Structures are given as structure tokens and as C-alpha cells.
Enquirer: 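Before I ask anything, here is the structure I am working with.
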Number of protein chains: 2
Amino acid sequence: MIRIVVADDHPIVRAGLIALFGLEDDIEVVAEAATPDEAVAATVHKNPDVVLMDLQFGARSRATGADATRRIRALDAAPYVLVLTNYDSDADILGAVEAGASGYLLKDAPPHELIAAVRAAAAGESALAPVIASRLLSRMRAPQASLSSREIEVLELVASGRSNTEVAGDLFVSETTVKSHLAHIFTKLGVSSRTAAVSAARTRGILR
Amino acid sequence: MIRIVVADDHPIVRAGLIALFGLEDDIEVVAEAATPDEAVAATVHKNPDVVLMDLQFGARSRATGADATRRIRALDAAPYVLVLTNYDSDADILGAVEAGASGYLLKDAPPHELIAAVRAAAAGESALAPVIASRLLSRMRAPQASLSSREIEVLELVASGRSNTEVAGDLFVSETTVKSHLAHIFTKLGVSSRTAAVSAARTRGILR
DNA sequence: GGGGGAGTCGTCCTTTCGGACGATGCGGCG
DNA sequence: CGCCGCATCGTCCGAAAGGACGACTCCCCC
């Protein structure tokens, strides 16, 4: 019997997961958690085989699913953590993997994929949704788009709506320099306009 | 007995809703739908009292929950549509209300609130999540910076980094029209560039 | 000591954006 | 009915942004 903990702030999602796993006779939901803290506590007390972890917990909780994952993986005899979330942003995926997740699934995944992932995780295997796998690979192929601190500084000002000349004034450099930074940012992010750069940086977690 | 249709592209969410309503003996889920088209079809065939409608359907479907809501509300003896979604952006709320939704709930709502909303909807009453209600009210109080739904639509595309010509193509209008919308957006938000408009809209909660 | 990346600055040129007009049709509202 | 907001389309023009070169300092690292 695979014993799992379900951690998600949405009562509806928890109910759905419990209902789905209720149909499987080799999987048992031993606890549910509505916050990252509850997830860690439940893991400590119930000692499950797998934790199904959401990444986004509503604004009510300052901690994230990645934090909880990190803390859970730091435990003795830590269970495997399967991240189950809505989004597939690079920042989220990277964060989850760094935190020690052994799988990453999207909430719109078909149930059988989810069940299979839980069984795989319980067996110590990694399970990635196809979408996620291809995204990770494309990230490997593409040189990591790490912006320099100066470039991030420029991009933050641009994101706040400042023009090139204004950014130049703010940073005490010439407009040429700002445009030069922006050109580098564009190539690194694979875009060709300031607004697209801001959007890309946001989805990748470079900008808040 | 209140007969409802559940429309959401996430199998997990559908399972959760069905499980939750299964506990209520005055509510019966008569059909589930994974796409907007299925939602309309199910409504036509099952003739429910209430339709629980998600707004975001994955990229697989071009139609949105708002489209489906509009089509359902245009039917004879149309059921009440309760929008149940993850986000509380102004654009989503406005769009849903315009489409004829009689309620707007967030997916992280506690189950009892959801149940109450379904009963209210079945009785022809409107049900808004407290967060949504206050947002609508604050919108009433500050009418100066309210963008039309079309303007928000344009701004969302701009925020994702699309150029004027691309936005024009996406919306099947001329570039002149896009620029016209943007000019209005600029004056309403008190800015003078697309990037500044996106920034302003974000801080005011118009965009997420 | 010779890359190589980051940061700085420059010029030339093209495309895009934004401002300033105007104009039409539609719908709501007093 | 007229007025007004919204959405649509148009032209003209100046300003901003972006691409394509080059070039000069640091500074780090092999």
C-alpha cells in the first residue's frame, strides 16, 4: 500500500485527488494539508511514501510549495515529493527540482498519468509530464539565460515603464549603454522588444 | 433537487467538485464537461439548473469559459452560470459578468461557500466571493482608471510582448485600431508608453 | 600575457511607436 | 432626438526603439 499526503490549498483539488486515489486499491491518502507548514507537519507525523505537493499556496501563506519540499526532503527517511501544479514556468520547474522534487506534473494531467506518477515516485523513480520534460530539455539545449546584475537593473527600470533616456539618467550612463544592455538582454531572452523581454523575464522568475 | 453541470478542463477539479456535491443530498451533478463546447452541449441535453463554469480552458480549446457562458445564457430557459476560476483579475471578472454569469467564485473558496453559491444561483440569486465583491466595489469607487474589456484585451496582449501589428492580427482589427485603443489606455492610466501602461495596470490589479 | 565577458560609448540606419488630428457606426440614456 | 462612450479605420509626422556594426577599458581566469 502506497501511503500519500496531499498538500494543496484548494479544498476542491484535495477532494478531487482523494476521490481519484480512492478508486485505486494500492494507494491510500493518509493526510491532507492546506498550507506548506501543514504539509511538513503531516509528513513528520504520518511518515508517508509520497507527498503530492502544490507549488502555489494562496497569498495567505508566505511559504511556498518549494519551501515545503525542501524541508520535507531534509527530513530523515524523507518521502518522495511529487510536485503537482498549474503552471509550467521555467522558474517553477527549476525551483521544484532544486528543492528536491522527484516529479513534476500539471493539474490538467489525465488521472491515469497522475496515478502512474505516484506509483513511479513510490518506487523511487522520477516522473515528469511530457510537457515538462521537453521544456527541461530545451532549457538544457538553450544556454541558460542568466542576466548580469547590471542587466537585471536595467530591465527592472524598463519593466517599471521608464524610457531608455530615463533609464540612462537613473543609472548615470549614456543612452547608448542602455540600448546596448537591452540588446544583450534581448538575445539572452530570445525576444526582440522591451515589453516582450519584461514578459519573458517575469515568466522565468527573473523579475517579480 | 438542484441539477448541475460541471465544466472544467482539469479532471482533478471535476472529480473534486463531484465528490463535494456528492455529500449534499439536494444537489446532483448530471454531467461534466472538459471543454467549452462540451459544456454547451451538456447544457442543451441535460437542461440543468446551474452550470459551474471554469474560465480558463487549456490551450487545446480556442474557446473560453466566457464564450461558453455567453452561449449558454443565450439558450431558451437558460440555466444560471456560476463562474469558478483561479484568478480574480479585473478582465476576467468583467468578462464573466458581461457574459451573463450570475456568480463568481475562486477555486480556493471553502466548500461551504461553494455549496451556498450553487443554492443561491439555483434560486436565481447572485453570489460573489467576498474578494470579488470588494474588488468590484473598489472598481465602482475608482471609475477614473477603468478600462473597457476590449482595452484590457489589447493590454493583455501587449503585456505578453506582442507588437501592435501582432495584436492587430490576433484581434482581427487594423493596426490603427490597436494604436487607438492604446492611446485611450495611456490617457486613462496617465502614462505614455506601452511598457509603462503594463506596469501601471499591474500595480492597479487590472492585469495579473 | 592573452582570451573573454561585462560595462561603457559611439555612429548609421530602419522599424516601430506614439501623438495629433479626423471620421464613421453603434448603442445607451436623458 | 441629441449626446457620449466605445470600437473601428485612416493619414501625417516626429520621437523612441532596435539592429548592425566598431571600439575602448576593466577584471578575472587559464
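Please read all numbers here as calculations on a predicted model, not as lab measurements. Lettering of chains follows the sequences in order, A, B, ..., and the numbering in each one begins at 1. When reading the values below, keep in mind they use all heavy atoms of this one structure, side chains included, and skip hydrogens, waters and symmetry mates.
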Enquirer: Kindly state each residue pair satisfying side-chain hydrogen bond (donor to acceptor under 3.5 Å, both in side chains) with at least one member in residues 74-83 of chain B, sequence neighbours excluded.
Expert: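 Residue pairs with at least one partner in residues 74-83 of chain B: there are none.
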Enquirer: Using the test salt bridge (Lys or Arg N to Asp or Glu O under 4.0 Å), find all partners of A:Glu151 that sit at least two apart in sequence or belong to another chain.
Expert: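 Scan of A:Glu151 (salt bridge (Lys or Arg N to Asp or Glu O under 4.0 Å), adjacent residues dropped) gives A:Lys188.
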Enquirer: Each nucleotide in nucleotides 23-30 of chain D should get exactly one letter: B, S or -. Can you fill that in based on protein heavy atoms under 4.0 Å?
Expert: --------
Enquirer: Show the numbers, then the answer: is there a side chain to side chain donor-acceptor pair (under 3.5 Å) between B:Ser193 and B:Thr195?
Expert: CA-CA 6 Å; B:Ser193 82; B:Thr195 322; 4.5 Å; no
Enquirer: If a protein heavy atom is under 4.0 Å from the base, mark B; if only from the sugar-phosphate, S; if neither, -; do that for nucleotides 24-30 of chain C going 5' to 3'.
Expert: -------
Enquirer: Just wondering, do B:Asn47 and B:Pro79 contact through their side chains at under 4.5 Å, heavy atoms?
Expert: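 Side-chain contact under 4.5 Å: no.
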Enquirer: Return the polar atom pairs (N/O with N/O) between nucleotides 14-21 of chain C and the protein under 3.5 Å, or none.
Expert:
residue	atom	partner	partner atom	Å
C:dC17	OP1	B:Asn164	N	3.4
C:dC17	OP2	B:Asn164	N	3.4
C:dG18	OP1	B:Arg194	N	2.8
C:dG18	OP2	B:Arg194	NH1	2.9
C:dG18	N7	B:Lys179	NZ	3.0
C:dG18	O6	B:Lys179	NZ	3.0

Enquirer: Is there a donor in the side chain of B:Asn164 and an acceptor in the side chain of B:Arg194, or the other way round, less than 3.5 Å apart?
Expert: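 Looking only at side-chain atoms, B:Arg194 and B:Asn164 do form a donor-acceptor pair, the distance falling under 3.5 Å.
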Enquirer: Using salt bridge (Lys or Arg N to Asp or Glu O under 4.0 Å) as the criterion, list what pairs up with B:Lys179, not counting sequence neighbours.
Expert: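 B:Lys179: no salt bridge (Lys or Arg N to Asp or Glu O under 4.0 Å) contacts found.
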Enquirer: Is there a donor-acceptor pair closer than 3.5 Å between any side-chain N or O of B:Asp54 and the backbone N or O of B:Ala7?
Expert: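 No: the side chain of B:Asp54 does not pair with the backbone of B:Ala7.
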Enquirer: Please identify each residue that fulfils side chain to side chain donor-acceptor pair (under 3.5 Å) with A:Glu175, with sequence neighbours left out.
Expert: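 So A:Glu175 forms no side chain to side chain donor-acceptor pair (under 3.5 Å) with any residue.
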Enquirer: For the helix from C:dG1-D:dC30 to C:dG30-D:dC1, how many degrees between its two end axes (five pairs per end), to the nearest 10°?
Expert: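 Axis angle across the helix from C:dG1-D:dC30 to C:dG30-D:dC1, nearest 10°: 40°.
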Enquirer: So if I apply the side chain to side chain contact (heavy atoms under 4.5 Å, CB included) rule between B:Leu52 and each of B:Val83, B:Val13, B:Leu17, which one comes out positive?
Expert: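 Among the candidates, only B:Leu17 passes.
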Enquirer: So, B:Arg70 side chain and B:Gly65 main chain: donor-acceptor pair closer than 3.5 Å or not?
Expert: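 Flag not set: sc B:Arg70 to bb B:Gly65 has no pair under 3.5 Å.
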Enquirer: Suppose we screen for side-chain contact (heavy atoms from CB on, under 4.5 Å). Which residues come up paired with B:Ala159, at least two apart in sequence or across chains?
Expert: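 Here the qualifying residues are B:Val198, B:Arg202, B:Leu207.
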Enquirer: Which residues pass the side-chain contact (heavy atoms from CB on, under 4.5 Å) test with B:Ala109, not counting sequence neighbours?
Expert: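 B:Ala109 satisfies side-chain contact (heavy atoms from CB on, under 4.5 Å) with B:Glu113 once adjacent residues are dropped.
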Enquirer: Give a yes or no answer on whether the side chain of B:Arg71 reaches the backbone of B:Ala66 with a donor-acceptor pair at less than 3.5 Å.
Expert: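 Answer holds: no.
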Enquirer: Please table the atom pairs, donor to acceptor, closer than 3.5 Å between any side-chain atom in residues 26-33 of chain B and protein atoms at least two apart or in another chain.
Expert:
residue	atom	partner	partner atom	Å
B:Asp26	OD1	B:Arg119	NH2	3.1
B:Asp26	OD2	B:Arg119	NE	2.6
B:Glu32	OE1	B:Arg14	NE	2.7

Enquirer: So which protein nitrogen or oxygen atoms get under 3.5 Å of nucleotides 4-8 of chain C's nitrogens or oxygens?
Expert:
residue	atom	partner	partner atom	Å
C:dG7	OP1	A:Ser148	OG	3.3
C:dG7	OP2	A:Ser148	OG	2.6
C:dT8	OP1	A:Arg150	NE	3.3
C:dT8	OP1	A:Arg150	NH2	2.7
C:dT8	OP2	A:Arg150	NE	3.1
C:dT8	OP2	A:His181	NE2	2.6

Enquirer: B:His184 vs B:Ser180, test: side-chain contact (heavy atoms from CB on, under 4.5 Å). Steps then yes/no.
Expert: CA-CA 6 Å; B:His184 291 146; B:Ser180 172; 3.7 Å; yes
